[in-house]
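Atoms within a ligand are numbered from 1 in the order they appear, just like the ligands themselves. Remember, predicted model here, so these are calculated numbers, not experimental data.
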Amino acid sequence: MNFAGKVIIVTGASSGIGAATAVFLSKLGAKLSLTGRNVNNLTKISKQCETAANVHLIPADLTNEKDIENIINSTVKHYGQLDVLVNNAGILETGTIENTSLAQYDRLMNTNVRSIYYLTMLAVPHLLKTKGNIVNVSSVNGIRSFPGVLAYNVSKASVDQFTRCVALELALKGVRVNAVNPGVILTELQKRGGLSDEQYAAFLERTKETHALGRPGKPEEVAATIAFLASDLASNITGASVPVDGGRHAMCPR
Ligand code: NAI
């Protein structure tokens, strides 16, 4: 995989899967626009990247339309082109149909779906010029159903459907669109979503049974799959939702 000369936007690059993806892509020669809300963390991640000159930081809250517009404008102004969009940022909250709220629905859909919808709309004219591609970070929750995280499941199923539809719309124009569907990955997502330290420890312990490989995944393992899908090695793959979940998607209770 070689991304020399390629310009890549990674959202949610200040932590977890986004940070690992930024660092990995930088080692493969990419020029990066890294976006996130936490500027201190973004700066820390940029220091782990291979070449400082190839990192452009764009502070952005993806629930703010002006910030989304600035991600594209600032990238094109800085680098003159866009080759890959990695829609990674997302949030998780717990809730069932009996105790969810419309406010929760709006938070999850605005962050996990609406922001991707708008950022992709604005990125596509530039991706058409470079025959670039898009990688969306969905979840095993997009392709399988779990109780207790209702709005999150709905948001990630939307990301998978969005991936397939946009892939079909852009295929003959030379732009590929794919998704990765991680299982449990060691990041801050679940604790940010409300799990206490004890609940999180129990959640991780359960991955011995809930994931065929018997362990949670690492952000670097997702980053490697994102990089593959974004690379020319994946030139015949579009509209795919690729599990990176230790076999979680293939399991069912017995
Ligand atoms: P994380 O919490 O470390 O990273 C999420 C990133 O998204 C953070 O940098 C956060 O600041 C950013 N973000 C959230 N809301 C934002 C907003 N309004 N504006 C700008 N940035 C915002 O967690 P992780 O795990 O790295 O999450 C990345 C993606 O992976 C998410 O889409 C998540 O749903 C997905 N995922 C994670 C799994 C896991 O077990 N960690 C499993 C399946 C999917």
J.: Atoms of ligand 1 less than 4.0 Å from Gly12 heavy atoms?
T.: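 Going through ligand 1 atom by atom, the ones under 4.0 Å from Gly12 are 6 (C), 7 (O), 9 (O), 12 (C).
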J.: Going by the order shown, which atoms of ligand 1 are within less than 4.0 Å of some heavy atom of Ser14?
T.: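 Within the 4.0 Å cut-off of Ser14, ligand 1 contributes 9 (O).
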J.: According to the ring-ring contact (aromatic ring centres under 6.0 Å, His included) rule, which pairs have a member within residues 205-245, sequence neighbours left out?
T.: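 For residues 205-245, and leaving out neighbouring residues, there are no ring-ring contact (aromatic ring centres under 6.0 Å, His included) pairs at all.
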J.: For atom 31 (C) of ligand 1, what is the nearest protein heavy atom, given as residue, atom name and distance?
T.: Asn88 O, 3.2 Å
J.: Would Arg215 and Glu221 count as a salt bridge (Lys or Arg N to Asp or Glu O under 4.0 Å) if you check the C-alpha gap in whole Å, the side-chain angles of each, and the deciding distance to 0.1 Å?
T.: CA-CA 13 Å; Arg215 63 168 177 87; Glu221 294 174 309; 2.8 Å; yes
J.: Do the side chains of His249 and Ser241 get nearer than 4.5 Å, heavy atoms only?
T.: no
J.: Is there a heavy atom in Gly183 that sits closer than 4.0 Å to ligand 1?
T.: yes
J.: List ligand 1 atoms under 4.0 Å from Asp61, heavy atoms only on the residue side.
T.: 17 (C), 18 (N), 19 (N)
J.: Going by the side chain to side chain contact (heavy atoms under 4.5 Å, CB included) test, name the single residue among Asn181, Thr238, Val177, Leu168 that passes it with Thr163.
T.: Val177
J.: Could you find the nearest protein heavy atom to atom 26 (O) of ligand 1 and give me its residue, atom name and distance?
T.: Ile17 N, 2.8 Å
J.: Hey, does Ser138 sit under 4.0 Å from ligand 1 if you only count heavy atoms?
T.: yes
J.: Looking only at atom types and distance, does a side-chain atom of Ser33 sit under 3.5 Å from a main-chain N or O of Ile9, one as donor and one as acceptor?
T.: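 Checking the backbone N and O of Ile9 against the side chain of Ser33, no donor-acceptor pair under 3.5 Å is found.
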J.: Please state which protein non-hydrogen atom is closest to atom 11 (O) of ligand 1 and give its distance, to 0.1 Å?
T.: Arg37 NH2, 3.2 Å
J.: So which heavy atom in the protein is nearest atom 8 (C) of ligand 1, and how far is it from that ligand atom?
T.: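 Result: Ser15 OG, 3.3 Å.
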J.: Cut-off 3.5 Å, side chains only: do Asn110 and Thr63 have a donor facing an acceptor?
T.: no
J.: Nearest protein heavy atom to atom 2 (O) of ligand 1, by residue and atom, and its distance?
T.: Arg192 NH1, 2.7 Å
J.: Can you find an N/O atom of Pro182 closer than 3.5 Å to an N/O atom of ligand 1?
T.: no
J.: Considering only the protein, which heavy-atom contact is closest to atom 37 (C) of ligand 1, and what is its distance?
T.: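 Its nearest protein heavy-atom neighbour is Leu189 CD2, 3.5 Å.
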J.: Indicate whether the side chain of Asn88 and that of Thr21 have a donor and an acceptor atom separated by less than 3.5 Å.
T.: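 Not at all, the side chains of Asn88 and Thr21 share no donor-acceptor pair under 3.5 Å.
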J.: Has Leu92 got any heavy atom lying under 4.0 angstrom from an atom of ligand 1?
T.: no
J.: Between Asn136 (side chain only) and Ser138 (backbone N and O only), is there a donor and an acceptor less than 3.5 Å apart?
T.: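 Answer holds: no.
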J.: Tell me which protein heavy atom sits closest to atom 24 (P) of ligand 1, plus the residue, atom name and distance to 0.1 Å.
T.: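 Looking at atom 24 (P) of ligand 1, the protein heavy atom closest to it is Thr187 OG1, 3.5 Å.
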J.: Report, as yes or no, whether the 6.0 Å neighbourhood of atom CZ on Arg164 holds more than 12 heavy atoms from other residues, nucleotides or ligands.
T.: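 Yes, the 6.0 Å shell around CZ holds more than 12 heavy atoms from other groups.
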J.: Looking at Gly90, which atoms of ligand 1 are within less than 4.0 Å of one of its heavy atoms?
T.: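 So the answer, numbered in order with elements, is 5 (C), 7 (O), 14 (C), 31 (C), 32 (O).
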J.: Atoms of ligand 1 less than 4.0 Å from Val137 heavy atoms?
T.: 29 (C), 30 (O), 32 (O), 35 (C)
J.: Tell me: protein heavy atom nearest atom 20 (C) of ligand 1, and distance?
T.: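 It is Ala60 O, 3.4 Å.
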J.: Does anything in residues 73-130 pair up under ring-ring contact (aromatic ring centres under 6.0 Å, His included), and if so which pairs, sequence neighbours excluded?
T.: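 For residues 73-130: His56-His78, Tyr117-Phe162.
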J.: To the closest 0.5 Å, what do you measure between NZ (Lys6) and OG1 (Thr130)?
T.: 7.0 Å
J.: In terms of atom number and element, which parts of ligand 1 are under 4.0 angstrom from non-hydrogen atoms of Val184?
T.: 40 (O)
J.: Which atoms from ligand 1 have a heavy atom of Ile91 less than 4.0 Å away?
T.: 14 (C), 15 (N)
J.: Between Ile185 and ligand 1, is there a nitrogen or oxygen pair with a distance under 3.5 Å?
T.: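 The answer is yes, given that Ile185 and ligand 1 share an N or O pair closer than 3.5 Å.
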